[in-house]
Student: 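First the structure, which I've put down as structure tokens, then a few questions once you've had a look.
In the text below, chain A, chain B and the rest are named by the order of the sequence lines, each starting its count at 1.
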Amino acid sequence: MPDKPKVAFYWCASCGGCEEAVVDLAEDILKVVEAVDIVLWPVAMDFKKTDVEARPDGSIAVAFINGAVRTSEQEEWARMLRRKAQVVVSFGACANLGGIPALANQFKKEDILKFVYEDCPGVDNPSRTRPQTSTVDEGRTVTLPEIRNMVRSLDQVIDVDYYLPGCPPTPKIIMAAVQAILAGKLPAKGTVLSPDIALCEECKRKDSKPADLSLTEFKRPHQIQIDPEKCLLAQGLVCMGPATRSGCEALCPSGNMPCTGCFGPSSRVKDQGAKFVSSVFSNIAPKEAADIDKVLDGIPDPIGTFYRYGLSKCILRRKIN
Amino acid sequence: MSKPMEQGAGAGFEPRIVAFFCNWCTYTAADLAGVSRLKYAPNVRVIRVMCSGRVDPQFVMEAFAKGADGVLLGGCHPGDCHYAEGNYKTLRRMRMLERMLKDMGIADGRFRLEWISGAEGDKVKSVVNDMVAKVRALGPLDLPGKFAEWDKEIEELEHQISAQPAKEAVHAR
Amino acid sequence: MKYLYFPGCSLKGTGKAYEESLLAVFRALGVELKEIEDWNCCGATAYMSVDETKSYALAGRNLAIAEREGLDVIAPCSACYLVLNKTQKNLQDHADIRRKVVAALKTAGLDYKGTVRVRHPLDVLINDVGLDAIAQRIQAPLKGHKFAPYYGCQIVRPYATFDDQDDPVTMDRIIKAAGADCVTYPLKTRCCGGSLTGTVPEAGLRLAYILLKEAKKRGAEAVVTVCPLCQFNLDGYQDQIARKYEALDLPVVYFTQILGLAMGLPAAGLGMQRGIVSADAVLAGR
Amino acid sequence: MADNNGNKPQPIGLPRIGFYVCHCGSNIAGTIDVAEVAQFVAGLPGVVVSRDYKYMCSDPGQEMIAQDIKEHKLDRLVVAACSPNLHEETFRKAAAKGGLNSFLFQMVNIREHASWVHEDKKAATAKAKGLARAAVYRVRFHKPLEKQQVPVDPNVLVVGGGIAGIHAALTLANAGKKVTLVEREATIGGHMALFDKTFPTLDCAACILTPKMSAVKSHPNITLWTYSEVAKVDGYVGNYKVTVKRKPRYVKEDLCVGCMECIDACVFKEPKFTDQFNQGLGKRKPVYIDFPQATPKVVLIDPQSCIQLKTGKCKKSCAEACDRDAIDFTQKEETRELQVGAIVLATGFQAFDAKKEPRYGYGRYPGVYTALEIERLVNASGPTSGEVVLRDGRHPKSVGIIHCVGSRDAKTNKWCSRVCCMYSLKLAHLIQEHSGAEVYNFYIDMRAPGKAYEEFYDKLLSEGVHFIRGRVSEVTDWAMTPEEEGKLVLRVEDTLAGFVRRIPVDMVVLATGLEPKADAQEVRRRFNIGCGNEGFFQERHPKLAPVNTFTDGIFIAGACQAPRDIPDTVAQAGAAAAEALVLIDAGHVELEPNTSHVVEEECCGCKSCVPLCPYGAITFDEAKKKASINEVLCKGCGVCAAACPSGSIRQNLFEDEEIFSEIEGVLAK
């Protein structure tokens with residue numbers, strides 16, 4: 001009897017939500033466990049780096065890697081798993097697009113460290129001590145991973161075969177992906193494993209969207225009583241749905257919150273934020289620059305709004321300074 | 001223009017500017033500048049679109065990412081769009097794009113939106129010359145160079161790893 | 001309505017009648033004029049040709065003081081009006097001049113942002129007060145009187161902010177509102193002889209003579225003007241003109257005096273007695 | 001490492017690109033090293049043939065392309081030459097001749113955008129290379145496309161009934177086309193109808209114009225709508241829908257025969273209202289006709305002065321006098337719609353308002369006249385029956401004509417109005433002839449460039465008319481000497497004699513220039529065409545397409561495009577008519593295939609695109625819940641393609657990949 005396919009799960013800069021998503025497969029996880037041999041899963045099982053290193057290259061069938069890449073250690077793991085695995089699946093918004101951690105690309109590394117270790121209210125660090133990558137203590141050298149200057153998506157570090165979108169990916173698309181992999185029915189390399197059509201397609205509010213929005217004002221969710229039936233954009237909320245891939249079954253709009261774009265853009269779009277801006281702002285009501293600006297003022301943090309999950313994949317990649 | 005003014009830039013820095021000109025007004029104005037033999041700085045490369053409204057903010061970002069030091073967008077004057085109101089759509093989305101570019105650290109002056117009618121060949125000249133001078137003063141943006149510079153930190157590790165002998169020379173793919 | 005008032009040297013000296021009549025008329029129209037505190041020379045005179053920057057700084061000081069009040073400035077004297085406007089415009093248009101002037105003002109603890117509007121009383125009367133409001137105040141219309149409206153060179157050139165450069169009409173409208181008639185006077189904006197009377201007297205006298213003679217020929221009983229320098233020149237040299245050409249005995253008065261009379265204000269309070277050529281003809285019948 | 005740009009679409013097939021760079025004589029080759037460009041492009045991936053040639057647009061140039069396509073099995077074509085606005089079609093045809101789809105071609109503009117505007121040869125060559133590389137990169141993504149054919153409506157609209165509109169309408173009608181001529185005023189004839197004689201031949205304007213006017217009226221192919229204005233234009237070349245507003249004249253046009261009995265019968269015994277046709281020099285009644293030969297010869301009633309229309313309380317003696325019951329006080333404005341394939345705009349000019357030049361005293365001195373007023377004064381059917389008489393009844397013994405009023409002047413209009421020198425000579429002759437007065441011309445330069453024009457100037461010189469070279473500084477009634485008493489004095493620096501002169505005259509004539517109509521901007525927006533900086537309608541090309549506009553199917557003729565005289569206007573009107581005929585007789589137009597389309601399976605139905613289309617070409621299919629674009633209505637602006645948030649709309653010839661690769665091409669190092 002041939003060995004069961006070996007599967008690895010790994011996390012880089014992530015919140016752990018993607019791991020939760022795997023657990024959320026509920027009883028389905030048993031089917032997975034039955035079908036595969038898990039050789040790495042730091043959140044749940046005890047494997048050492050050396051265990052993985054010891055495996056021959058290409059001996060792992062699939063590695064699911066979630067989280068963005070910010071440290072040298074994450075890079076090292078990613079590169080190792082790339083060598084060991086036949087298929088690498090970039091798992092979740094952070095690995096795919098940089099995710100929430102990538103919002104740090106608006107700031108210099110030094111400014112972040114300074115804030116975290118010195119200026120942040122509540123920090124008591126009079127000697128301004130910072131973690132060092134290398135410290136000699138009693139003759140022994142202790143090392144820590146290095147923090148990189150910017151946050152990268154997984155595919156900016158290693159070659160990626162497939163992408164599972166979402167923050168986190170929903171159990172449904174995870175299961176579909178796992179089944180496809182196990183059955184060997186894989187699409188073309190580089191495919192994002194969710195429908196290549198925007199979210200409105202599966203949004204229950206779709207029919208309530210008027211063609212002509214001509215917005216005169218943008219609002220934030222806490223500022224209004226959100227109508228649970230009506231298109232959220234039509235209510236003046238920034239709903240990224242039209243510029244975001246579907247597959248989540250419009251979870252956020254169903255929960256009365258606008259889509260924030262975690263599934264990333266369609267395959268036809270390079271830059272989700274730029275494209276969303278192009279669509280929604282072309283048709284705001286005012287015509288004069290000053291009046292237009294007033295409407296734009298309703299979005300105090302454009303980068304944080306339009307690149308909530310995608311700043312690593314913005315064409316410009318990070319703030320230039 | 002053969003006399004570069006080195007200001008905040010290396011000697012002889014020649015800005016590279018990508019321009020998107022609408023066919024009916026600004027592209028025609030550039031044609032008129034040619035027919036009138038006006039002389040202006042050779043730093044601008046024009047990409048023709050039918051309407052400034054065809055210009056997707058992605059194009060502007062892509063131009064910067066591929067090495068443009070400046071991006072110029074030219075359309076018909078408000079009220080004069082060949083397609084009725086295309087230029088208003090341009091204006092609205094580009095106002096937002098300007099804010100985003102600023103937040104991303106791309107200096108004011110590197111992206112410019114100008115209304116130039118088909119009769120304003122001289123305005124093509126003055127806008128191009130002015131923009132070239134201003135971008136020259138800002139210095140090179142050179143995003144491709146910056147991207148390479150940024151990625152050096154991860155390439156080092158890649159080199160280290162690839163320098164080690166592989167545990168097993170089998171690679172499944 | 002409230003304005004700052006920049007008198008300049010003329011209105012405190014040779015143009016006293018202008019100041020008296022202007023203040024009286026504006027008061028009667030309910031317009032408050034507040035004299036600019038500690039004003040200095042407007043910067044006209046020969047200063048401009050000696051040192052432009054200092055001249056702008058001189059004018060700029062007045063503007064800087066005025067700016068603190070946040071009101072429009074009324075400059076009745078044509079020379080002040082022109083110099084202050086010229087300074088204002090050049091400070092706006094030329095960053096280098098602005099830098100120098102602002103630096104100079106700083107040394108005196110002043111700053112100038114460039115927000116002051118310098119206005120002429122004609123502009124304020126026509127555009128802010130309005131002819132309707134003026135008409136309501138006319139109590140003793142100057143029926144049957146005919147005047148030659150004379151604007152001089154400075155208030156319409158080079159800046160034509162409130163009237164036409166070649167054919168200004170604002171004062172004509174005020175004279176008509178006062179119930180009087182205007183003779184057709186094509187010499188409205190020609191040179192009065194101005195400072196030439198001091199340097200090349202024969203040329204200056206001739207120019208003044210032409211203006212006066214033509215006004216008289218066209219049936220005017222007085223020349224009405226807006227400029228203390230023109231008034232002084234046309235009024236003060238009539239004896240010399242009489243010796244050289246002919247006696248004309250034509251009073252030269254300010255438009256504010258005419259308006260004041262029509263509004264029924266007492267002649268003495270309007271400085272009617274101050275002219276060298278007697279203004280009795282204008283006062284006839286009152 | 002993956003490309004930051006995500007899924008990159010691949011170019012279609014393995015390209016075999018042919019590249020051609022044109023010398024354009026020395027126009028390009030003088031500044032750009034074309035051989036270097038050709039050599040550079042030869043090294044780019046996919047380029048099979050790369051050549052430079054003296055004149056690519058010549059027959060041998062085109063033939064070379066066609067040959068190469070066959071011989072080298074080229075599947076893409078790039079030509080670097082002049083502006084695509086000039087020769088794109090030429091090379092598309094050359095491609096087709098070689099058996100290649102016309103749209104697998106991209107043109108590079110290295111003349112207007114490079115060789116003509118740069119002096120530095122190295123920089124210009126580098127620019128040409130960058131632009132050529134962009135086209136080579138881009139053309140790989142081109143797809144074969146077909147032009148859509150749309151039938152052309154054979155009917156034509158002519159707007160403006162001056163000599164330009166009249167001539168264009170007659171030409172088209174004589175060619176068998178149905179023409180509607182729309183004129184804003186109550187009669188056609190335009191400015192020419194105001195003139196007495198025409199220069200340089202001095203033939204009577206009415207004698208040559210009125211036969212054409214009546215030909216318009218009686219032509220079976222012409223529908224004449226005077227007192228009407230175009231309110232709206234929809235549609236596109238070959239298929240315009242035009243809305244025309246017809247103002248009420250309170251007289252039934254089909255019943256009135258122009259007997260003018262109603263005018264005699266009007267309750268106003270004497271004419272007392274300003275007669276605009278006679279430039280305010282004469283008077284008319286509330287019911288009137290502009291001039292005896294007015295066409296249509298139908299009276300009209302002015303609602304501002306007619307007692308019946310103002311108060312409803314008149315005994316209506318005019319209506320009683322009309323035995324055909326043509327007078328109808330209840331008429332209302334009517335709106336009519338027309339379908340036409342082509343439009344000729346001949347909306348003319350307006351004369352400069354002389355009041356804007358107060359130093360010449362127009363409106364202040366009764367002795368100052370505009371040229372158009374003099375045209376009426378010297379006209380036998382004018383208010384004085386041709387007698388040159390001043391407003392105060394005196395006969396002028398001396399007349400000064402000031403040239404360039406509102407022309408060649410930085411303060412008013414900068415341009416030369418082209419006709420004023422000549423009409424001033426004509427008026428000088430006519431005034432002298434009619435009154436025997438001394439006539440002085442004050443000119444800056446005498447401009448007489450036309451057939452027999454200089455000879456006409458010579459004739460005037462020999463007639464004893466005075467010519468003083470200098471711009472008049474003012475017109476005044478201030479007399480400096482007894483001889484000047486009661487005169488208008490023109491003060492002028494005589495630049496030939498070198499001193500300032502004062503010339504006293506009885507009458508001053510201002511040769512006012514020609515300027516765009518006050519509503520030219522509104523009108524050109526209505527017809528979606530352009531205006532130059534000075535406000536005249538913009539032609540498609542100043543030399544090669546002088547009657548075309550940037551909107552296909554709309555042509556311009558006469559002084560709406562620039563100041564011009566009658567012979568030039570008539571020639572241009574004929575040209576505009578011919579261009580319209582070319583369009584109509586082709587029977588159909590080919591529309592640029594640069595339309596957009598929605599890829600249905602990619603569309604999520606968010607409707608973001610729907611409101612962006614100014615032509616209503618995008619609709620939302622409620623059954624499929626998808627957007628769709630009607631490609632006949634689409635005019636190819638691409639605003640929807642730029643805005644589709646999921647990239648599901650493509651614009652032919654301007655697809656994302658084409659533009660992205662062009663960006664890459666101009667920037668590659």
Student: In residues 467-503 of chain D, which residues are in contact with chain C at a heavy-atom separation under 4.5 Å?
Tutor: D:E474, D:T476, D:D477, D:W478, D:A479, D:M480, D:E485, D:R491

Student: Give a yes or no on this: more than 12 heavy atoms of other residues, nucleotides or ligands lie within 6.0 Å of atom CD of D:E270.
Tutor: no

Student: Within the supplied structure, the quantity of interest is the number of heavy atoms (other residues, nucleotides, ligands) at a distance under 6.0 Å from C:F232 CZ; does it exceed 12?
Tutor: no

Student: Quick check: under 4.5 Å, non-hydrogen atoms only, which of residues 213-224 of chain C neighbour chain D?
Tutor: C:E214, C:K217, C:R218

Student: NZ of D:K397: more than 12 outside heavy atoms within 6.0 angstrom?
Tutor: no

Student: One thing to verify: whether C:D167 and D:R359 come together as a salt bridge, which I'm taking to mean a side-chain N less than 4.0 angstrom from a carboxylate O.
Tutor: no

Student: Kindly check if the number of other-residue, nucleotide or ligand heavy atoms within 6.0 Å of CG (C:D132) is above 12?
Tutor: no

